[in-house]
Structure formats: C-alpha cells, structure tokens
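What follows is a short report on a single structure.
All ligand and atom numbering here is 1-based and tracks the order in the structure. Keep in mind it's a predicted model, so treat the numbers as computed, not measured.
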Amino acid sequence: MWGDLAPIGRDADTRGYRRYAWTEADRDCRAWFQAQAESRGLAYEVDRNGNQWAWLGTATYKDVTAGDAVVTGSHLDSVPDGGAFDGPLGVVSSFAALDELRGRGAEFTRPLAITNFGDEEGARFGLACVGSRLTSGQLTREAAYELRDGAGTTLPQAMERAGYDPSRIGPDPERLARIGAFVELHVEQGRALDLSGDRVGIASAIWPHGRWRFDFHGEANHAGTTRLVDRRDPMLTYAETVLAARREAELAGAVATFGKIAVEPNGVNAIPSLVRGWLDSRAADQGTLDTVVAAIEQAAKERAERDGIDLRVVRESFTPVVEFEHALRDELNKILGGAVPVLGTGAGHDAGILSGSIPTAMLFVRNPTGVSHSPAEFAAEDDCVAGVLALADVLEGLACS
Ligand code: GLV
Ligand code: MN
Ligand code: MN
C-alpha cells in the first residue's frame, strides 16, 4: 500500500506531499482508496460531503442498525509539503488491520467501515476538517459554499471540477446515527511515546485551537524614494505582531504560529499595501487560548496605530477542547492490556470533530523525532506494524464475536 501511495502528490524538490482537497493528487489518493476497498470486496460509497467509505457486512450505511457500525480511518490529504504519515498511516493501517483480522479468521458481528475524510488539513480552503465538519453539522452548507482557495475557486466549484456533486453537501445525521464507535489511528505529532518507550498510545484530549487572519492595510509606495517617516508599512506591524505572538504564547504555556503570509503587491522595491498573516494558536484550555489571542490582537492594534496601519482580524475557524469519551477510551485500554499510555495532543483530527456527535477514540503510533507537517515526519516500520496489530485488536474487541 505504501508503495502505491508514495509517489502521489510528492514534490520532486522538497520530497514533501502536496495533496490538497479536490486536486489531481487528491483524485489519485481517492482512486487508490477505492481500489483498496474493491480489491478486498468491500462495498464502496462516497457520502454527500465527498468522504469515502468502504463497508464490510453491509452494502450501504442505510442498512445498518442505529449505533451498530464500528468505523476506522483517517485522511489522505496533506499540509503543504507534508509528511507521508499524517493521515495515510491511519487509512493504510485500517486496511492492514482488516487483512490481519481476516487472517485470524475473526467473525464480525457488527458492520465495519473504513473511511477517508476529505480535506482534513484545510490546506486549500483554509478550514481544517471540512469533510467531518460538514457531516457533523459544525460547518453549514452556506458557509462551505463561501470557502475559496488562494486562486478564488470556491469549494463547490472545486468539487464539481473533480467530478463530485456539491449540491448535496451538508449535515449527515442519518449516517452518524448508525455509528457506535469511530477509532482513528494517527502518527504521534510529538515525542511522548518515544520518551516513554512505548510503540502505541491512546488519546485523552485535544487542545482547543483556531485560526485567525490578520489583515494589515498600509500604503504602497516606492522603496527607494519614500522617506522612512512618511511610510505606512504594514510589514513592520506584522513583524511586531509575530514577536508578540511568540512572547504571549511563551508567557501562557500555549503555542502561537504565523505560518502563512500573503503580501501585496509582493514586489522587492515596493512598500507593501497589504500584509495578510494567518495565526494558528492552541492551548490546554479555552481561557488560556482566549487570553493569548486577545493579547496578540491588542499588541497588533497598538503597533498598527503607531504605524498608521488599518488592522482587521477575522477568526476563520475554531475547535473547542475535545475530551475523548472515557468509556470508549477505557475499553480500548482494556482490549490492549491496560498498560497503554494515554496522551493529550495539540493537533486537530476528524475524530475530535466527530466526538461531538458520536463516541470516538484515537490510537497514536510512535514518532521517533516528533516531527510532523514536514517531509521529515517518520515512523519506523516495526512501530507501524505494532499500530496495525493494536488497531486490529481494538476492532476485534469492538466488532467481532
Ligand atoms: C491538523 O493536523 C492540525 O492540527 O492543524
Ligand atoms: Mn495534520
Ligand atoms: Mn492528520
């Protein structure tokens, strides 16, 4: 499976993955998913939001009794220059766990589905977990229709161009009502398992997190002839805001990152008219996150006044704290022998979004460097196999007699 996936959407220079929603690379990942489903005799369906499903024990979710289905999976899209594992490890492991269970002769007493949730990273339209947010009703159809990528293409246009019907997107409570448990396996995005010496962990909670867009409007002018005192340079205000973000996050024990920036007109010899920077900030609790973001906004505002800059801040997305359901988490721990470390994380996941609607849980696989959202992301083969076996045990415990 890795051999087939490896070349899809990989940049020849950076060796990172660029698998953005509804692009050619995404199409190839989706074709791979469908082929994996069909080669195993699973019933393949695409839901109204473009998420892919591969069913064992039923031809469609419609025939499943409420709360009966056990679902596992993750996502195949990536951040810009992402690693091979964030997302795909969960999907590959799901198919491999099913193969393992068939090899064990396991008898399924509940329907099982493997999923690929669309646009988890939000790399193209700016909002993470679009597929699961739509399905759970956390993103309205109207708001989804307004999403645009950097070239101005709307989400429905992109879906249509990729051959999907966007007119049906929206909440899918009937599908969710069929699911009794969703378990997502994911590469760890930190070093807790490396430090504890464990191959596999269970998720406890996800930090609240969000994305804010800061628009700094100044005045374009000549870089050679405009006196420093006459400038309204938004880059200065932006630079001070980045430093403030670092300072405030450090003071509060939170994290804050400006990882994306757009500059207009983007000329070497022109003072910018606009600098747009996207802040990603996360903290262990909501109060801390609110305080950090308010302090960054205040610092930006004060500096904007000094620099003669018009500032606009828009919260583009927000995900509240997720505490994974204790009963399912405890069941996983029991199935896995009770000695599995339970870890919190600052990374967002579809399992976190869906936890507002159905019982969800996560398994983490050791990442020896902790690096993620980078081509250097890594998990050793032995650890990946341990992840597959743990997932197989969990699915056997939940879905087999
Ligand atoms: C997704 O990986 C996120 O945490 O932003
Ligand atoms: Mn990610
Ligand atoms: Mn992920």
Q) Do Arg211 and Glu316 sit within salt-bridge range, that is, some charged N less than 4.0 Å from a carboxylate O? A) no

Q | Parallel, tilted or perpendicular: ring planes of Phe33 versus Tyr44, cut at 30 and 60 degrees | A | tilted

Q: Just do the salt bridge (charged side-chain N to carboxylate O under 4.0 Å, His left out) check on Glu302 and Arg306 with the steps written out, would you?
A: CA-CA 7 Å; Glu302 281 167 17; Arg306 266 175 66 188; over 6 Å; no

Q.
Nearest N/O/S atom of His373 with respect to the Mn ion (ligand 2), by atom name, please.
A. NE2

Would you mind listing each N/O atom of ligand 1 next to any protein N/O under 3.5 Å, plus the distance?
from	atom 1	to	atom 2	distance (Å)
ligand 1	2 (O)	Glu121	OE1	3.1
ligand 1	2 (O)	His373	NE2	3.1
ligand 1	4 (O)	Arg282	NH1	2.7
ligand 1	4 (O)	Arg282	NH2	3.3
ligand 1	4 (O)	Gly348	N	2.7
ligand 1	5 (O)	Arg282	NH2	2.7

Q) Of Asp13, Asp26, Asp11, which meets salt bridge (charged side-chain N to carboxylate O under 4.0 Å, His left out) against Arg18? A) Asp11

Q) If we only count heavy atoms from C-beta on, is the Asp233 to Asp307 side-chain gap below 4.5 Å? A) no

Q. Is Arg282 salt-bridged to Asp280, cutoff N-O under 4.0 Å?
A. yes

Q) Do the ring planes of Phe258 and Tyr238 sit parallel (below 30°), tilted (30 to 60°) or perpendicular (above 60°)? A) perpendicular

Q.
I need the Asp119 CG to Arg19 CZ distance, nearest 0.5 Å.
A. 14.5 Å

(Q) Quick one, Leu398 and Val183 - any side-chain contact, counting heavy atoms below 4.5 Å? (A) yes

(Q) I'd like to know if Glu45 pairs up with Arg175 as an ion pair, taking the criterion as any Lys NZ or Arg NE/NH1/NH2 lying under 4.0 Å from an Asp or Glu carboxylate oxygen. (A) yes

Q. Can you count the protein N, O or S atoms that lie less than 2.8 Å from the Mn ion (ligand 3)?
A. 3

